[in-house]
Amino acid sequence: GQQLNQSPQSMFIQEGEDVSMNCTSSSIFNTWLWYKQDPGEGPVLLIALYKAGELTSNGRLTAQFGITRKDSFLNISASIPSDVGIYFCAGQLDQGGKLIFGQGTELSVKP
Amino acid sequence: ETGVTQTPRHLVMGMTNKKSLKCEQHLGHNAMYWYKQSAKKPLELMFVYNFKEQTENNSVPSRFSPECPNSSHLFLHLHTLQPEDSALYLCASSQGMGSNQPQHFGDGTRLSIL
């Protein structure tokens, strides 16, 4: 079946640094989504991308839908302690609501 | 407050028990989903409902039985579970099932099977 490869699996950074993570797939998607999950909570939608090549920002977060439709990246600029959590990418191909998730990137930020 | 409420937040049950998980969404959405989240694994889609009709069963064992009485409520009935079923069970909803209609998640039920 379809799989997403998300990297890195974990990151330990200093407050103020920029962060980059990405997802790749052997299959194309029509939608890429980025979620963040804090401990004890469900994933919260950060950014949704609907068009190949699209670059979208949400505050300090920027995400891009790869031109081949097989990849996406998420950048976080000037990280702060509350950025700590697990970030998931997800792709959707069809109209059937089926999301495929990456394995997650666990981010730790040192003050 | 995500607009998707799951109860209970934590559940411990024996393998012979019967229990139910509940999900309620206040977003006016028409599609609802159950996912399983195990440690170190990607979220796994279990069931999809659209306008109360099941549209996807992702090869889920019959010891998990979903029920969707209306577009705002979704249940997952559990019976004779196995230790490997211990996980975080997440409910999500979306306006529709189109690829331009993102899913919004509840905070999950942490299930532990003794």
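Labels below follow one simple rule: chain letters A, B, ... track the order of the sequence lines, proteins then strands, and each chain is numbered from 1. Worth saying up front: this structure is predicted, and the values here are computed from it rather than measured.
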Heavy-atom side-chain proximity of B:L43 to A:Y35 below 4.5 angstrom: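 No - every pair of side-chain heavy atoms lies 4.5 Å or more apart.
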Validation row: B:F47, B:N58 side chains within 4.5 angstrom (heavy atoms):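 Side chain of B:F47 against side chain of B:N58, heavy atoms only: no contact under 4.5 Å found.
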Go through the atoms of [X] and report whether side chain, backbone, both or neither lie under 4.5 Å from a heavy atom of chain A.
{"X": "B:Q6", "answer": "neither"}
{"X": "B:S94", "answer": "neither"}
{"X": "B:L45", "answer": "side chain"}

Region of A:Q9 that comes under 4.5 Å of a non-hydrogen atom in chain B: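 Neither part.
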Heavy-atom proximity to chain B below 4.5 Å, by part of A:L99: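 Both parts, heavy atoms under 4.5 Å.
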Aromatic plane relationship, A:W32 with A:F29 - under 30° parallel, 30 to 60° tilted, over 60° perpendicular: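 Rings of A:F29 and A:W32: perpendicular, over 60°.
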Pick from B:R9, B:E44, B:Q37 with the largest number of heavy-atom pairs that fall under 4.5 Å of chain A: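 Of the options given, most contacts go to B:Q37.
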Exam field: side chain A:T68 to backbone A:K70, donor-acceptor pair closer than 3.5 Å: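 At least one qualifying donor-acceptor pair exists.
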Minimal non-hydrogen separation, B:P66 against B:Y49, with atom names: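 B:P66 and B:Y49 have their closest heavy atoms at CG-OH, 3.3 Å.
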Residue among A:L93, A:D71, A:N5, A:L4 satisfying side chain to side chain contact (heavy atoms under 4.5 Å, CB included) with A:S25: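 Only one option passes, and that is A:L4.
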Among A:A48, A:A90, A:G40, A:G104, residue most engaged with chain B (heavy-atom pairs, under 4.5 Å):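 Most pairs with chain B among the choices: A:G40.
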